[in-house]
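Remarks on the structure that follows.
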Protein chains: 2
Amino acid sequence: MEQGDKLAAFSRDRSLGWLLAVVHSRAADQLDERLQKVGLNLGMWPTLMMLWEEEGLTQVELASRCMTAHYTTTRVLDSLEKKQLVERRKHPTSRRSHLIYLTDEGRALKSALIAEAMDVNDSLLSVLQPQEQQQFLSLLAKMVAAGSAD
Amino acid sequence: MEQGDKLAAFSRDRSLGWLLAVVHSRAADQLDERLQKVGLNLGMWPTLMMLWEEEGLTQVELASRCMTAHYTTTRVLDSLEKKQLVERRKHPTSRRSHLIYLTDEGRALKSALIAEAMDVNDSLLSVLQPQEQQQFLSLLAKMVAAGSAD
DNA sequence: TATTGTTATACTCTATAACTATA
DNA sequence: TATAGTTATAGAGTATAACAATA
């Protein structure tokens with residue numbers, strides 16, 4: 001391919017990065033808005049989702065799975081603890097680690113908040129046919145999985 | 001579908017929002033890193049891409065197409081003007097509007113920087129088969145287009 | 001009165017790195 | 001000496017709203 005052709009092959013409305021930015025910001029804004037309504041925010045979301053999936057992780061494990069910095073995890077947990085949605089429990093063998101657990105209140109939020117998230121996801125995907133939706137999610141998941149292996 | 005089934009149908013690694021966040025942040029980080037190397041940053045990217053596509057827009061038009069706030073556009077243009085990549089020219093009929101143009105230097109950056117962006121896009125898409133890549137981009141573009149119509 | 005563009009200000013996020021206490 | 005977690009601090013980015021100039 002010639003250099004000129006290559007340049008012509010690039011357009012904003014066909015550029016992966018731009019398209020991702022647009023759709024992601026819509027998804028983020030919509031979910032954040034719903035979380036704000038119950039006094040939470042998007043920064044807390046990865047941690048909550050992870051804890052609904054598995055409790056008893058250390059902060060290091062939690063940070064790694066949420067792909068957030070360790071100091072961010074500290075502050076998110078501070079906020080969630082202040083709201084009495086999570087608690088730091090003693091690690092059985094290490095006195096410098098904590099194990100993070102949801103409180104009953106934190107656990108109780110799961111079904112309502114996941115319903116909100118699914119609602120946002122569904123509404124964004126609703127412009128695609130059902131089998132297109134599955135196709136899209138599969139390809140997207142494939143990209144995520146491949147990049148995580150790096 | 002029962003409430004329980006619905007909940008079970010949600011998992012982080014199959015959630016549109018989460019997957020978008022992961023892939024988008026990779027794309028953003030990679031492009032930003034390359035832009036930093038030439039003294040630019042990701043905040044300038046939408047404006048530059050737009051101007052390479054069409055010059056002579058007002059700031060309001062530019063802000064709307066870049067989906068940035070008007071005050072953000074002011075500051076991005078200040079930075080780009082300081083780097084002598086763009087210039088604000090007088091509007092022929094309105095004395096409160098400007099028309100934004102690239103300088104020769106700004107225009108000259110196009111091919112190298114778009115090559116960088118295409119490189120990032122290609123590397124992220126490279127884990128998909130060629131026809132999967134086209135499929136993915138088409139579905140993503142369809143979602144973007146549908147949402148813009150709202 | 002509404003619009004274009006700029007600016008002041010405050011607030012949130014993020015990044016760096018220093019720090020304590022453990023291991 | 002390295003790791004878990006916290007905190008101080010600074011910088012970037014973002015949002016609100018006030019403002020001047022113009023339409």
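Just so it is clear, the model here is predicted, and its values are computed rather than measured.
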Classify the nucleic acid contact of A:His98 as base, sugar-phosphate or nothing, counting any heavy atom under 4.0 Å across all strands shown. sugar-phosphate
Distance in angstrom units between B:His91 NE2 and C:dG5 C1', rounded: 13 Å
Give a yes or no on whether a donor-acceptor pair under 3.5 Å exists between the nucleobase atoms of C:dT4, that is its base, and the side chain of B:His70. no
Tell me the interatomic distance from A:Arg88, atom CZ, to D:dA4, atom P, rounded to whole angstroms. 15 Å
Less than 4.0 angstrom between a side-chain N/O of B:Gln59 and OP1 or OP2 of C:dT3, yes or no? no
Distance-only donor-acceptor check, side chains B:Arg14 and A:Ser138, under 3.5 Å: yes
Just how far, in rounded Å, is C1' of D:dG11 from OH of A:Tyr71? 12 Å
For A:Thr72, answer base if it contacts any base atom (sugar-phosphate contacts may also be present), sugar-phosphate if it contacts only those atoms, and nothing otherwise; contact means non-hydrogen atoms under 4.0 Å. nothing
If you compare all heavy atoms of A:Phe10 against all heavy atoms of B:Asn121, which two are closest, and at what distance to 0.1 Å? CE1-ND2, 4.0 Å
Out of B:Thr73, B:Leu77, B:Leu80, B:Thr47, which one pairs with B:Ile100 under the side-chain contact (heavy atoms from CB on, under 4.5 Å) rule? B:Leu77
Between atom NZ in A:Lys90 and atom P in C:dA23, what is the gap in whole Å? 12 Å
Send over the distance from B:Arg96 CZ to C:dT4 P, rounded to a whole Å. 6 Å
Tell me, do A:Gln135 and A:Pro130 make a side-chain contact under 4.5 Å, heavy atoms counted? no
If each of A:Gly43 and B:Ser94 is mapped to the nucleotide of DNA chain C with the nearest heavy atom, which maps nearer the 5' terminus, i.e. the 5' end? B:Ser94
Whole-Å distance between D:dG13 C1' and B:Leu42 CG? 12 Å
Remember a base hit wins even if backbone is also touched, and classify A:Thr74 as base, sugar-phosphate or nothing at under 4.0 Å, heavy atoms. base
N/O (side chain, A:Arg75) to phosphate O (OP1/OP2, D:dA8) under 4.0 Å: no
Output the distance between atom CD (B:Gln59) and atom CZ (B:Arg88), rounded to the nearest 0.5 Å. 4.5 Å
Checking all strands, does A:Thr68 fall into the base, sugar-phosphate, or nothing category for heavy-atom contacts under 4.0 angstrom? nothing
State which of D:dT6, C:dT16, C:dT22 makes the closest approach to the side chain of A:Arg95. C:dT22
Expressed in angstrom and rounded to an integer, what is the separation of B:Asn41 atom CG from C:dT14 atom C1'? 15 Å
Measure the distance from CG on B:Leu40 to C1' on D:dA12 and round it to the nearest whole Å. 16 Å
